Amino acid sequence: MLETIAALIGAGVMVAIGLFALAKGGRPERIGAGTMLSAWFLSILTQTYLGYAQIQWPMFLIDLGVLGVFIALVWKSPRTWPVWAAAFQLLTVASHVMVMMKLKPEISSFYTVLNMTAYGIMIAIAVGAFFAWQERRAVGIEDPE
């Protein structure tokens, strides 16, 4: 899975944003980042053992779980980034459904959608973590470095 330069760069971005959100974000950002990092790791394991060409039920279930977490964050969190994250994750789930319905999308298109939506989710989490961090600094909860 991490054989190419692009995959390594993507992994670096995923880990860097995840660590930033875990370190500087509020509770919703930490939940979102932890969910995405866990799902990313589980997806790598799933693809390693199942391959890429067939319907991947475990990946679909992982993505449904992530969608559930983001919907819960939309419902419970006063922040706006979970709405964007849930929307991107819904695109991922819809892509899985398209493959399951045998609408015959190109498999490269399917994986492009999965990768791009993951980047969108991580950008939403990074923005949320940045603003949560700045809000805490503004009220004096966290000392400026």
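We number each residue from 1, following the sequence as shown. Note that the structure is a prediction, hence the values are computed from the model and not measured.
- Residues satisfying the side-chain contact (heavy atoms from CB on, under 4.5 Å) criterion with Ala86, sequence neighbours excluded, are Phe70, Val74.
- Under the 4.5 Å side-chain criterion, counting only non-hydrogen atoms from C-beta, Pro28 is in contact with Trp81.
- Remark: Phe88 CZ to Ile125 CD1 distance equals 11.5 Å, nearest 0.5 Å.
- Distance check, rounded to the nearest 0.5 Å: CG of Leu114 to CD of Gln89 gives 9.0 Å.
- A donor-acceptor pair under 3.5 Å is formed between the side chain of Arg136 and the backbone N or O of Lys24.
- Counting heavy atoms from C-beta outward, Leu67 and Asp63 have side chains that stay 4.5 Å or more apart.
- Follow the hydrophobic side-chain contacts under 4.5 Å out from Leu73 and you never reach Val83; the two are in separate clusters.
- For Gly18 against Ala33, the heavy-atom pair with the smallest separation is O-CB, 3.9 Å.
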Q: Check the pair Thr4 / Leu8 against side-chain contact (heavy atoms from CB on, under 4.5 Å), numbers first and verdict last.
A: CA-CA 6 Å; Thr4 65; Leu8 290 172; over 6 Å; no
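- Here CD1 of Ile44 is found 10.0 Å from CE of Met59. Values are rounded to the nearest 0.5 Å.
- Contact check for Met122 versus Val13: no side-chain heavy atoms found under the 4.5 Å cut-off.
- Thr92 places none of its side-chain heavy atoms less than 4.5 Å from the side chain of Val66.
- Hydrophobic clustering (ILVMFWY, side-chain heavy atoms < 4.5 Å, transitive): Trp75 and Ile31 are in distinct clusters.
- Ring geometry, Trp57 versus Phe60: the interplanar angle exceeds 60°, so the pair is classed perpendicular (tilted spans 30 to 60°).
- Considering CD1 of Ile17 and CZ of Phe130, their distance stands at 13.5 Å, rounded to 0.5 Å.
- Heavy atoms only, all atoms of each residue included: Arg30 and Gly25 are closest at NH1-O, 3.0 Å.
- Between Val127 and Trp84, the closest side-chain pair of non-hydrogen atoms is not below 4.5 Å.
- Between Tyr111 and Gln47 there is a side-chain heavy-atom pair separated by less than 4.5 Å.
- By the 4.0 Å N-to-carboxylate-O rule, Glu29 lies close enough to Arg79 to be salt-bridged with it.
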Q.
Between Val99 and Phe110, does the side-chain contact (heavy atoms from CB on, under 4.5 Å) criterion hold? Intermediate values first, please.
A. CA-CA 8 Å; Val99 170; Phe110 172 70; 3.6 Å; yes
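- In this structure, Phe20 places its CZ atom where more than 12 heavy-atom neighbours from other residues, nucleotides or ligands lie under 6.0 Å away.
- The CD1 atom of Ile71 lies 9.0 Å from the CG atom of Leu64; values are rounded to the nearest 0.5 Å.
- Counted within 6.0 Å of CD1 on Ile5, heavy atoms from surrounding residues, nucleotides or ligands total 12 or fewer; the atom is thus considered open.
- Hydrophobic clustering of Ile, Leu, Val, Met, Phe, Trp and Tyr side chains at less than 4.5 Å, counting indirect connections, keeps Val113 apart from Tyr119.
- Taking every heavy atom of both residues into account, Gly34 and Leu22 meet most closely at N-CD2, 4.2 Å.
- In this structure, the separation between CG on Asn115 and OG on Ser108 is 11.0 Å, given to the nearest 0.5 Å.
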